[in-house]
Amino acid sequence: MQDLNSEKDNFPTLARLLLAIVPAEALIHYFPMNNTTSPVDVTQNGLDMNSYGTDMAVMVSDRFGIPDHAVYYDGAVGTGATTQSAGNGNQILNGSTSSYTISFWAKGTYPSSPGGGSMGIFIAQGNGFGIQYYKNYPSSCGSLRAFTNNGGVGDVDLIGPCNFIPEAWHQIIFVWDLEQLTASLYADNILIAQQSNAGGQRPWNVNAKLSFAYSSLGSNYVEVTIDEFKIYNMALSPNRYWMP
């Protein structure tokens with residue numbers, strides 16, 4: 001797959017001028033990933049994170065080359081980040097209460113030993129929601145994938161084109177439109193997968209903490225750098241709204 005981003009924000013300036021501004025109240029969680037290895041939810045809505053593990057997360061440069069503006073996890077066993085509070089992550093991710101959008105920037109790697117749908121999940125909440133660098137078998141091509149399930153039965157399963165290049169910065173956006181029962185996955189503002197008439201297995205099993213670089217589904221860890229992680233409480237198509 002062609003590198004859609006080539007290490008820079010290439011969304012045309014003119015296009016931004018034609019897009020709507022996201023309503024401020026729609027942003028319910030925001031982790032700028034700046035100047036701390038324990039990501040802080042600056043919306044103060046209770047999802048501050050703890051980084052932990054054998055090799056602690058480190059601050060690195062973001063996609064613009066600005067030092068200490070992104071967080072790198074090296075994929076070591078036992079290393080990742082999860083919410084600090086005793087409560088679970090926001091249950092909006094269960095797919096039944098509201099539409100929502102997850103937007104963030106990331107660059108990472110495919111699993112070193114592919115072999116199973118639980119490998120390479122670097123954004124997760126329980127086993128009900130995940131975004132992953134998907135390479136199910138060593139001989140298979142690599143893809144970007146987003147999925148949901150209710151704990152026993154899968155539901156949304158979005159797999160992008162083959163040969164996705166995770167080592168470059170990409171803006172990744174997952175949109176759940178409850179009214180239309182449609183899930184969409186974007187990479188660098190390009191729609192790469194969509195599923196309509198979805199959501200038949202809601203509520204999805206997200207009764208757990210939000211986590212970065214780790215998923216409890218298989219207890220696997222992922223090498224990945226994450227920046228500008230946001231959750232909105234509405235369906236936001238990047239073709240209509242500007243989400244930097």
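Scope of the values below: all heavy atoms of this structure, side chains included, with no hydrogens, waters or symmetry mates.
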**OP:** Verify, without hydrogens or angle tests, whether D48 (side chain) and V40 (backbone) share a donor-acceptor contact under 3.5 angstrom.
**Re:** no
Original post:
Residues in side-chain hydrogen bond (donor to acceptor under 3.5 Å, both in side chains) with H69, at least two apart?
Top reply: none
Original post:
Side chains of N220 and Y214: does their closest heavy-atom pair fall under 4.5 Å?
Top reply: no
Subject >> With S98 via side chain to side chain contact (heavy atoms under 4.5 Å, CB included) - residues at least two apart >> reply: I92, N233
**OP:** Mark yes or no for whether Q194, through its side chain, and I192, through its backbone, hold a donor-acceptor pair below 3.5 Å.
**Re:** no
Original post:
Who else is in the cluster with Y72 when I, L, V, M, F, W and Y are joined by side-chain contacts under 4.5 Å?
Top reply: V58, V60
Subject >> F229 and V71, any side-chain heavy atoms less than 4.5 Å apart >> reply: no
Original post:
Under the side chain to side chain contact (heavy atoms under 4.5 Å, CB included) test, which residues partner P203, sequence neighbours left out?
Top reply: N94, S96
Original post:
Who passes ring-ring contact (aromatic ring centres under 6.0 Å, His included) against Y73, sequence neighbours left out?
Top reply: none
Original post:
Considering residues at least two apart in sequence or located in another chain, which fulfil the side chain to side chain contact (heavy atoms under 4.5 Å, CB included) criterion with Q201?
Top reply: N150, V153, D155
Subject >> Side-chain donor/acceptor of Q91 to backbone N/O of V206, under 3.5 Å >> reply: yes
**OP:** Decide whether a cation-pi geometry holds between R63 and W105; the criteria are a distance under 6.0 Å from NZ or CZ to the six-membered ring centre and an angle within 45° of the ring axis.
**Re:** yes
Original post:
Would you say H170's side chain and I165's backbone share a donor-acceptor pair under 3.5 angstrom?
Top reply: yes
Subject >> Those residues that, when tested against R202, pass salt bridge (charged side-chain N to carboxylate O under 4.0 Å, His left out) (two or more places apart) >> reply: none
**OP:** Indicate yes or no for a side-chain donor-acceptor contact from S196 to the backbone of T182 under 3.5 Å, with no hydrogens or angles considered.
**Re:** no
**OP:** With sequence neighbours excluded, tell me which residues meet salt bridge (charged side-chain N to carboxylate O under 4.0 Å, His left out) with E223.
**Re:** none
Subject >> Aromatic ring proximity Y134/F147, centre distance under 6.0 Å >> reply: no
**OP:** With sequence neighbours left out, write down each residue that passes side-chain hydrogen bond (donor to acceptor under 3.5 Å, both in side chains) with N207, or none if nothing qualifies.
**Re:** none
Original post:
Are any non-hydrogen side-chain atoms of T101 and V175 less than 4.5 angstrom apart?
Top reply: yes
Subject >> Single-linkage hydrophobic cluster V22~V42, side-chain heavy atoms < 4.5 angstrom >> reply: yes
Original post:
Would you say F212 and F104 make side-chain contact, with heavy atoms under 4.5 Å?
Top reply: no
**OP:** For S215, enumerate each residue passing the side chain to side chain contact (heavy atoms under 4.5 Å, CB included) test, keeping only those at least two apart in sequence or located in another chain.
**Re:** I121, A124, L217
**OP:** Identify, with sequence neighbours excluded, every residue that meets side-chain hydrogen bond (donor to acceptor under 3.5 Å, both in side chains) alongside S143.
**Re:** none
Original post:
What's the spacing between N90 CG and I28 CD1 if we round to 0.5 Å?
Top reply: 4.5 Å
Subject >> D68: partners by side-chain hydrogen bond (donor to acceptor under 3.5 Å, both in side chains), with sequence neighbours left out >> reply: none
**OP:** Report yes or no: does D188 contribute a side-chain atom to a donor-acceptor pair with the main-chain N or O of I190 at less than 3.5 Å?
**Re:** no
